[in-house]
Amino acid sequence: MFKEHLESNDAFVIAEVGQNHQGDLGVARDYIRIFAMAGADAVKFQTRNNKYLFSSEAYDAPYQSENAFADTYGLHRESLELNPEWLPQLKEDCVKYGVKFMSTPFDEPSLELLEKIDIDILKVASFDLGNLPLIHRIARMGKPVVMSVGGGKIDQIRSSVGVLLDHHDEVAVLHCVSEYPCEYNRLGLDNIAVLINEFPECTIGSSDHFNGTLSGPVAYLKGARVFEKHVTLNRAWKGTDHSFALEPEGFRKFVRDIGRVRHMMPPKSTEELGTERVFRKLGKFLIAYTDIKAGQAITLDSLSGRIFNTRHIPVRESNQVIGRVAKRDIAKGEPIEYADLAQA
């Protein structure tokens with residue numbers, strides 16, 4: 001999957017819903033439909049078993065954030081989780097709209113759920129970089145794996161990639177800065193080149209929490225080919241991830257602009273240069289600035305330019321004319337033709 005995109009230089013773009021579905025199945029389904037139409041290759045959710053993931057102390061801790069959905073942290077998280085019963089429906093919707101169904105399992109019970117529904121792509125979150133036991137369990141499922149490396153040191157990234165590659169090479173490693181949101185001057189996109197050099201067996205990409213679209217095209221130029229971007233249906237909704245996520249139109253432009261980058265690079269063929277429509281309409285052609293006698297050498301002072309409806313020698317080719325000798329008398333203001341000139 002990722003290897004194909006690397007070889008073709010196409011981008012693979014993931015719409016990261018995370019928990020921005022607000023714990024509502026209808027909204028979750030809307031994300032799949034809307035962001036598939038906006039150009040996503042995969043739509044990603046997050047899967048947690050909170051009572052397994054959090055200690056009882058952490059689960060029952062009071063939670064007073066302005067973004068809280070409940071009075072304790074555990075219940076707050078439960079309000080935002082995908083109901084396991086929804087997973088088959090979401091997978092079916094992804095098939096319907098032609099996108100890959102992707103999720104991040106934050107714990108082993110969640111991984112088992114995703115295995116049962118035959119998830120298309122698994123994600124290792126930056127939180128689990130270096131969590132080799134979980135990474136091993138994820139990798140041995142044999143599914144393509146995307147791993148973000150936010151907050152990770154190179155030895156932690158190496159060990160994690162090593163465990164993944166022990167199972168298969170459909171691995172995408174995403175440069176990531178774990179700041180929410182991430183300011184433009186903290187994106188650190190030069191690290192993409194470091195990852196490309198360090199992990200040639202993997203496809204390298206970018207997962208960013210920047211609230212704009214420019215990061216995508218720049219990351220592509222640095223060599224990224226897999227992109228993960230947080231998305232929302234409304235940046236004003238309650239929740240921590242909405243404010244820096246892209247709404248559908250912003251995501252559409254993110255995908256569009258990444259896709260345009262490689263087509264911006266090749267220069268025009270030399271055969272096309274000077275034949276552009278504007279030159280055909282308004283291009284100047286060489287004329288005699290003064291009367292030129294037969295046998296007289298053409299000089300800078302001999303020439304000027306004028307627009308004609310018929311084609312003659314373009315002024316940009318004056319370097320091919322200066323120094324040549326007139327074969328006939330050419331009157332002031334008359335267009336000059338190559339047939340009128342001999343070599344000096």
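Nearest heavy atom pair, residue L233 against residue P248, reads CD2-CG, 4.2 Å. Pairing each heavy atom of G130 with each of I135, the nearest pair is N-CD1, 3.9 Å. Considering every non-hydrogen atom in both L129 and S160, the closest pair reads CD1-OG, 3.6 Å. Shown here for S243 and N211, the closest heavy-atom pair between the two residues is O-CB, 4.5 Å. Here the shortest heavy-atom pairing between G333 and F308 reads O-CZ, 4.5 Å. Between A125 and T104, the shortest heavy-atom distance links the atoms CB-CG2, 3.8 Å.
Note that CZ of R158 is 6.5 Å distant from CZ of F199, once rounded to the nearest 0.5 Å. In this structure, CG on N234 lies 9.0 Å from CD on Q22, to the nearest 0.5 angstrom. Here the CG atom belonging to L80 is positioned 9.5 Å from the CD atom belonging to E78, to the nearest 0.5 angstrom. The NZ atom of K222 sits 12.5 Å away from atom CG of L187, with the distance rounded to the nearest 0.5 Å.
Using a 3.5 Å distance cut-off with no hydrogens or angles, the side chains of Q19 and D241 do not pair a donor with an acceptor. D10 and S8 share a donor-acceptor pair across their side chains, judged by distance under 3.5 Å alone. With no hydrogens or angles considered, a side-chain donor-acceptor pair links S269 and E272 at under 3.5 Å. Of the N and O atoms on the side chains of S206 and H175, not one donor lies less than 3.5 Å from an acceptor on the other residue. Y338 and Q320 share no side-chain donor-acceptor pair at under 3.5 Å. Under 3.5 Å, the side chains of H230 and H242 contain no donor-acceptor pair of N or O atoms. A donor and an acceptor atom, one from each side chain of E92 and Y97, are nowhere located under 3.5 Å apart. With hydrogens and angles left out, the side-chain atoms of T310 and H312 include a donor and acceptor closer than 3.5 Å. For K123 and S103, the side-chain atoms include no donor-acceptor pair closer than 3.5 Å. Side chain to side chain, S110 and N49 fail the donor-acceptor criterion of an N or O pair below 3.5 Å. Looking only at atom types and distance, the side chain of E179 has no donor-acceptor partner in the side chain of H209 under 3.5 Å away.
In this structure, the side chain of E170 engages the main chain of M1 through a donor-acceptor pair within 3.5 Å. Judged by distance alone, with hydrogens and angles left aside, the side-chain atoms of D24 form a donor-acceptor pair with the main-chain N or O of V27 at under 3.5 Å.
In E57, the CD atom is not crowded: 12 or fewer heavy atoms of neighbouring residues, nucleotides or ligands sit closer than 6.0 Å.
Looking at S159 and L132, their side chains come closer than 4.5 Å, going by heavy atoms from C-beta outward. Looking at heavy atoms from C-beta onward, D107 lies in side-chain contact with R48 at the 4.5 angstrom threshold. At least one side-chain heavy atom of M265 sits under 4.5 Å from a side-chain heavy atom of L221. Proximity of T290 to D301: side-chain heavy atoms (C-beta onward) are nowhere separated by under 4.5 Å. Contact of the F285 side chain with the I336 side chain is not registered, since no non-hydrogen atoms from C-beta on lie closer than 4.5 Å. Here the side chains of S126 and V149 are not in contact, with every heavy-atom distance at 4.5 Å or above. Proximity of L174 to M147: side-chain heavy atoms (C-beta onward) are nowhere separated by under 4.5 Å. In this structure, the side chains of R33 and K96 stay at 4.5 Å or more apart for every pair of heavy atoms.
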**Study point:** Pair E115-K143, salt bridge (charged side-chain N to carboxylate O under 4.0 Å, His left out): steps then yes or no
**Key:** CA-CA 9 Å; E115 184 173 21; K143 297 291 185 179; over 6 Å; no

**Study point:** Evaluation steps, salt bridge (charged side-chain N to carboxylate O under 4.0 Å, His left out), between D291 and K332
**Key:** CA-CA 4 Å; D291 289 335; K332 178 180 178 179; over 6 Å; no

Exercise for review: Please test K116 against E112 for salt bridge (charged side-chain N to carboxylate O under 4.0 Å, His left out), starting from the C-alpha separation and ending with a verdict.
Suggested key: CA-CA 6 Å; K116 287 177 182 176; E112 292 169 9; 5.9 Å; no

**Study point:** Verdict with reasoning, D208 to S215, per side-chain hydrogen bond (donor to acceptor under 3.5 Å, both in side chains)
**Key:** CA-CA 8 Å; D208 74 72; S215 54; 2.9 Å; yes

Exercise for review: Starting from the C-alpha separation in whole Å, work towards a yes-or-no answer on salt bridge (charged side-chain N to carboxylate O under 4.0 Å, His left out) for E334 and R328.
Suggested key: CA-CA 12 Å; E334 187 178 349; R328 66 173 180 86; 2.7 Å; yes

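Taking the six-membered ring for Trp and thresholds of 30 and 60 degrees, F227 and F254 have ring planes more than 60 degrees apart, a perpendicular arrangement. Between F106 and F127, the angle of the ring planes lies from 30° to 60°, which puts this pair in the tilted group. Ring geometry, Y180 versus F244: the interplanar angle falls from 30° to 60°, so the pair is classed tilted. Between F12 and F2, the ring planes lie perpendicular to each other; the angle is over 60°, past the 30° to 60° tilted range. By the 30° and 60° cut-offs, the orientation of the rings of W237 relative to Y31 is perpendicular. Relative ring orientation between F45 and H21 is described as tilted, the plane-to-plane angle lying within the 30° to 60° band.
Taking the six-membered ring for Trp and the full ring otherwise, Y63 and Y73 have centroids separated by under 6.0 Å.
For the pair R225 and Y220, the cation-pi test (distance below 6.0 Å, angle within 45°) is passed. Annotation: cation-pi geometry not satisfied between R252 and F35 (NZ/CZ under 6.0 angstrom from ring centroid, within 45° of ring axis).
Each of D340, L286, V321 was evaluated against I298; a single residue qualifies, V321, per the side chain to side chain contact (heavy atoms under 4.5 Å, CB included) test. Exactly one of L165, D169, L195 qualifies for a side chain to side chain contact (heavy atoms under 4.5 Å, CB included) with C202. That residue is L165.
The pair R186-E183 does not count as a salt bridge, with every side-chain nitrogen at least 4.0 angstrom from each carboxylate oxygen. Between E16 and K229 there is no salt bridge, since no side-chain nitrogen of the basic residue lies less than 4.0 Å from a carboxylate oxygen of the acidic one.
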